[in-house]
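Structure first, commentary second.
Just follow the structure's listing: the first ligand is 1, and inside any ligand the first atom is 1. Start at 1 with the first residue, then count along the sequence.
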Amino acid sequence: MQVKKVYFQPHGDERGQLIALEEYKDIPFRIRRVYYIYDTAEGVTRGYHAHKSLQQILICIHGSCKIRLDNGREKEIVLLDKPNEGLYVSNAMWREMFDFSPDAVLMVLASELYDEADYIRNYNDFLEYVSNCDETTDGE
Ligand code: T46
């Protein structure tokens, strides 16, 4: 699986660092929502779902965590531990977030507003969904 990491240019000077993120420039979609996950209890795994349409960039702006990506055929584990590095997560991608350090803050930039109908929360439903997507793509 091709993992898509995005690197952001820090504007550093003697005072410290600043990173600015602009839609369509640093982020490959219109940013319609931002949320962040913090104070994660030890041993917790979150996620366990995919999205039908949503695209996201995940940035661990403090501390570290790991993301397990699964496109229905291959799985990959990605470590996020830098505030100037993002992980692009496409639609139709199962994700699980785990190994959060106690100080981890995982910020997410999302291409759509929150919509529960966009979630696929059952793994077998996800496998069926991606196999149907593959059939559609193969037929093009
Ligand atoms: C994803 C991963 C990386 C809202 O009310 N608005 C929101 O925008 C979001 C994201 C969540 N919520 C509510 C819904 C639940 O009652 O917050 C609660 C926790 O959400 P959830 O269990 O979906 O959180 P995660 O960490 O399992 O998943 C989240 C995102 O939902 C998901 O899109 O890709 O982070």
Below 4.0 angstrom, counting only protein heavy atoms, does anything approach atom 17 (O) of ligand 1?
no
Ile37, any N or O under 3.5 Å of ligand 1 N or O:
no
I'd like to check which ligand 1 atoms, numbered from 1 as shown, lie under 4.0 Å from a non-hydrogen atom of Arg95.
1 (C), 34 (O)
To which protein heavy atom is atom 27 (O) of ligand 1 closest, and what is the distance rounded to 0.1 Å?
Gly47 N, 2.9 Å
So which heavy atom in the protein is nearest atom 32 (C) of ligand 1, and how far is it from that ligand atom?
His49 NE2, 3.0 Å
Any chance the rings of Tyr123 and Phe126 have centres within less than 6.0 Å?
yes
Minimum-distance protein heavy atom relative to atom 22 (O) of ligand 1
Arg46 NH2, 4.4 Å
Proximal atoms of ligand 1 relative to Arg33 (non-hydrogen, under 4.0 Å)
7 (C), 8 (O), 9 (C), 10 (C)
Residue pair Ser101 / Gly63: nearest heavy atoms and the distance that separates them
OG-CA, 3.4 Å
Looking at ligand 1, is there an atom of it that comes within less than 4.0 Å of some heavy atom belonging to Glu116?
no
Any protein heavy atom under 4.0 Å from atom 6 (N) of ligand 1?
yes
For atom 3 (C) of ligand 1, grab the closest protein heavy atom and report residue, atom and distance to one decimal in Å.
Met97 CE, 3.4 Å
Side chains of Glu116 and Tyr114 only: does a donor on one sit below 3.5 Å from an acceptor on the other?
yes
Taking Ile57 as the starting point, is it possible to reach Tyr38 by hopping between hydrophobic residues whose side chains are less than 4.5 Å apart?
yes
In the complex you have, is atom 30 (C) of ligand 1 within reach of the protein, judged by whether a heavy-atom distance drops under 4.0 Å?
yes
A student checking ligand 1 against His51 at a 4.0 Å heavy-atom cut-off should list atoms 32 (C), 33 (O), 34 (O)
Is His51 reaching over with its side chain to a backbone N or O of Met93, donor-acceptor style, under 3.5 angstrom?
no
Contact between Glu96 and ligand 1, counting heavy atoms under 4.0 Å?
no
Of all protein heavy atoms, the one nearest atom 35 (O) of ligand 1 is Tyr35 OH, 3.2 Å
Does Val89 share a hydrophobic cluster with Val6, counting links as ILVMFWY side-chain heavy atoms below 4.5 Å and allowing steps through other members?
no
So how far is it from Leu87 CG to Leu69 CG, rounded to the nearest 0.5 Å?
5.5 Å
Among Trp94, Tyr114, Tyr36, Tyr48, the residue with a heavy atom nearest to atom 9 (C) of ligand 1 is Tyr114
Reference residue Glu96; test side chain to side chain donor-acceptor pair (under 3.5 Å); the match among His49, Arg68, Lys66
Arg68
If hydrophobic clusters are built by linking Ile, Leu, Val, Met, Phe, Trp and Tyr wherever their side-chain heavy atoms come under 4.5 Å apart, do Leu58 and Ile27 end up in the same one?
no
Distance to 0.1 Å, residue and atom name: give those for the protein heavy atom nearest to atom 23 (O) of ligand 1.
Arg121 NH2, 3.5 Å
So how far is it from Gln56 CD to Ile31 CD1, rounded to the nearest 0.5 Å?
12.0 Å
